[in-house]
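Here's the structure, in structure tokens; my notes come after.
Sequence lines set the chain letters: A, B, ... in the order given, protein chains first and strands last, and positions in each chain run from 1.
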There are 2 protein chains.
Amino acid sequence: MLEERKKKVLQAIVEEYINTAEPVSSNAITNNYGLNFSSATIRNEMAELEKSGFLDKPHTSSGRVPSEKGYRYYVDELLKDDNISLEEIKYISSKLETKVNEIEELTQITANTISEITHYTAVSIGPKPATQIIEEIKFILLGNRMLMAVIMTDTGMIRETIIKFDEDINQKQVDTINYMFNNKLRGQSIEIINRPFEEYLFDEMKYSVKVIKPIVEQIKKVLIEDEKIYLEGANKAFELPEFNSLEVAKNFVNVLDTKEIVADMLNSGIAKDINVYIGKENEKEELKDFSIVTFKHKVGNKDLGTIGIIGPKRMNYSKVISVMKYINKKLKDM
Amino acid sequence: MLEERKKKVLQAIVEEYINTAEPVSSNAITNNYGLNFSSATIRNEMAELEKSGFLDKPHTSSGRVPSEKGYRYYVDELLKDDNISLEEIKYISSKLETKVNEIEELTQITANTISEITHYTAVSIGPKPATQIIEEIKFILLGNRMLMAVIMTDTGMIRETIIKFDEDINQKQVDTINYMFNNKLRGQSIEIINRPFEEYLFDEMKYSVKVIKPIVEQIKKVLIEDEKIYLEGANKAFELPEFNSLEVAKNFVNVLDTKEIVADMLNSGIAKDINVYIGKENEKEELKDFSIVTFKHKVGNKDLGTIGIIGPKRMNYSKVISVMKYINKKLKDM
DNA sequence: TTTTAGCACTCTTGTTTTTCGATTGCTAAT
DNA sequence: ATTAGCAATCGAAAAACAAGAGTGCTAAAA
């Protein structure tokens with residue numbers, strides 16, 4: 001679609017801009033990026049790239065800046081995804097070999113690793129409840145009026161929650177509850193918990209609404225409503241020049257502080273393992289000044305959690321995507 | 001120590017500055033705050049207050065700003081701690097009446113409430129491990145190679161963690177572990193876990209290092225190393241004019257991102273229920289531009305968690321302290 | 001003795017003007 | 001098709017200026 005030289009010019013401008021955060025002049029990329037032409041020639045190419053929407057110009061007499069279309073073309077067609085050094089590979093390996101006890105811990109460590117290598121802020125979230133199957137559920141009596149429920153799913157996720165009662169319960173009752181719930185829930189999708197709780201009542205009606213209802217409600221809360229979101233390296237963003245704008249900085253803090261935005265950001269884009277959203281491509285208005293790269297940690301069809309990198313549109317896509325691809329391979333091997 | 005009128009002037013300047021964030025001129029406080037004097041008189045007082053270190057002047061021809069000494073005097077001597085409205089009281093009550101299952105949840109809700117009412121950022125941390133007594137510890141077998149340990153303490157804190165093994169364990173073994181650990185740990189301070197793990201070995205040596213060691217290590221990790229910190233309303237700070245300075249904003253995000261700073265900030269100052277640290281009074285260099293007010297949630301001598309408010313030195317101490325005092329009373333009644 | 005009116009002086013803030021330099025687009029030569 | 005050359009454009013930084021807010025001091029008033 002673009003001639004070879006135009007591609008080179010676009011790539012040069014994107015990469016130069018990613019490095020410098022300054023509008024790129026025709027002079028800056030001549031005799032570089034394999035562009036052995038005079039600045040005048042480059043200028044002509046730049047003018048045409050601007051006309052077709054790949055570049056923007058902050059003002060008449062300034063250099064060029066990639067437009068969102070420009071970034072998109074770069075990401076889709078020009079970017080190299082082997083931008084990862086031996087040291088980085090070693091570092092990743094050492095981090096991922098940490099012994100973890102739970103799947104969500106691994107997702108967190110991965111997010112932390114990506115953040116450290118790319119110097120962008122990372123957020124992570126556990127697997128989506130809807131896709132998970134309940135493998136076992138255990139009730140443990142704590143004291144006389146407290147029950148802990150531990151739910152294990154097929155993805156290796158373990159969630160626990162505490163339920164308090166107004167009256168004493170004994171071990172025999174707990175055994176029955178254990179049996180009842182496992183009978184109803186084992187092998188079912190987590191979503192089943194959304195059904196009216198009456199369904200959990202036994203015919204015998206031994207265990208009344210008083211006992212069953214709070215259990216179901218609490219399990220629902222912890223499994224479906226309470227999406228745990230982890231944040232890594234929020235302060236890293238403040239080193240970037242785009243954060244000299246109060247407006248942008250404020251917006252950023254706001255986004256990270258709003259759970260719903262982050263959750264949405266991570267949950268959109270189911271298609272691929274790695275998804276890139278550039279500026280206004282993001283559904284959420286609040287993210288229009290940022291780029292997001294999400295990475296779905298999957299094994300087969302099983303969703304094990306999602307990690308997102310949030311940074312300026314002038315993000316080092318090549319580095320981020322390279323690291324994610326490498327980690328993806330690494331995790332699949334584990 | 002200060003004459004009555006000087007106190008009034010100081011108070012007026014502190015409160016005016018808290019409201020406006022602008023240096024306070026002699027004119028601004030005449031015929032106000034009970035100061036029915038001409039601006040010239042006030043000017044003389046201000047000059048003397050400055051000489052004795054209670055006020056600062058950004059430059060020769062500007063109004064006055066409280067110094068840290070000024071704020072300190074205000075907090076210690078002048079501040080009113082009944083700065084709380086009926087609506088606020090109602091709101092607090094409704095929030096604190098939420099049914100919680102765990103002590104740390106209550107601390108979080110309290111932090112959230114304080115943050116919402118004062119519009120400052122709140123951080124919270126659970127009770128200090130050192131002060132807690134282990135009441136019970138339960139081990140639950142999950143699958144064949146995983147153990148969940150649930151530890152309950154006298155403060156109502158419940159912590160759970162998962163331990164993975166390389167080989168199968170059976171229920172009988174779990175029962176023994178249960179018995180062993182409760183035997184050793186029940187009624188002891190959490191700190192006991194810091195002792196060399198060999199002490200947990202039975203004479204019979206039935207359960208080898210292989211089993212005991214990972215359990216002790218994991219419990220140690222979750223109880224002592226892993227201080228859970230919660231953050232409420234980080235974005236609120238960005239509404240304040242002092243955060244227009246990139247420097248300050250950056251510092252702030254950095255502080256909140258560094259667990260150790262926050263933990264230290266919350267753990268210092270054991271003396272009173274409510275502690276105020278103004279600017280450089282904070283031990284940590286990073287906090288020198290901020291004021292911290294911490295609130296220790298205690299029942300008797302038992303530490304149940306700490307909540308901290310972080311904001312500009314120009315903090316509304318009166319509001320913050322009033323709210324905390326009210327909440328303190330309210331919590332004690334529960 | 002205390003308070004206040006009056007005024008010169010200081011310093012910040014905001015605005016306008018000027019300067020400087022980077023970069024472009026176009027034209028004409030290569 | 002490429003490039004050298006150059007006028008034109010615009011922003012960013014510096015300089016110059018004006019306005020205003022506030023002080024400190026002095027001398028008069030209470």
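Here the P atom of nucleotide dA22(C) and the CD1 atom of I29(A) are 18 Å apart, to the nearest Å. The distance between atom NZ of K51(B) and atom P of dT23(D), rounded to the nearest whole Å, is 15 Å. Residue L35(B) contributes atom CG, which lies 11 Å from atom P of dT4(C) at whole-angstrom precision. To the nearest angstrom, P of dT2(C) lies 11 Å from NZ of K6(B). Whole-Å rounding puts the I42(B) CD1 to dT3(C) P distance at 10 Å. As a whole-Å value, the separation of R43(B) CZ from dC7(C) P is 14 Å. Atom CD of E45(A) and atom C1' of dA1(D) are 11 Å apart (whole Å). One atom, CD of E48(A), and another, P of dA1(D), lie 11 Å apart when rounded to the nearest Å.
A donor-acceptor contact under 3.5 angstrom links the side chains of Y74(A) and E15(A), judged on distance only. No side-chain N or O of S322(A) forms a donor-acceptor pair with one of N83(A) less than 3.5 Å apart. Neither side chain, E88(A) nor Y326(A), offers a donor N or O lying under 3.5 Å from an acceptor on the other. Under the 3.5 Å distance criterion, with hydrogens and angles disregarded, a donor-acceptor pair is assigned to the side chains of T41(A) and S38(A). Between the side chains of K95(B) and N112(B), at least one donor N or O sits under 3.5 Å from an acceptor N or O.
The side chain of A47(B) sits closest to dG24(D) out of dT4(C), dG24(D), dT23(C).
At dT23(D), one or more side-chain N or O atoms of S26(B) fall inside 4.0 Å of OP1 or OP2 (strictly under the cut-off). Considering only side-chain N and O atoms, R5(B) lies nowhere under 4.0 angstrom from the phosphate OP1 or OP2 of dT2(C). For T60(A), a side-chain nitrogen or oxygen approaches OP1 or OP2 of dC10(D) to under 4.0 Å. In this model, the phosphate group of dG25(C) is approached by a side-chain N or O of R64(A) to a distance below 4.0 Å at OP1 or OP2.
Using a 4.0 Å heavy-atom cutoff across all strands shown, T41(A) reaches at least one base atom of the nucleic acid. S39(A) comes within 4.0 angstrom of no nucleic acid atom, judged by non-hydrogen atoms across all strands. Within the nucleic acid shown, N44(B) comes within 4.0 Å of at least one base atom, counting heavy atoms only.
For S61(A) and dT23(C), a side-chain-to-base donor-acceptor distance below 3.5 Å is absent, hydrogens and geometry of angles not being considered.
Place K57(A) and N36(B) on DNA chain C by their nearest nucleotides, and N36(B) ends up nearer the 5' end.
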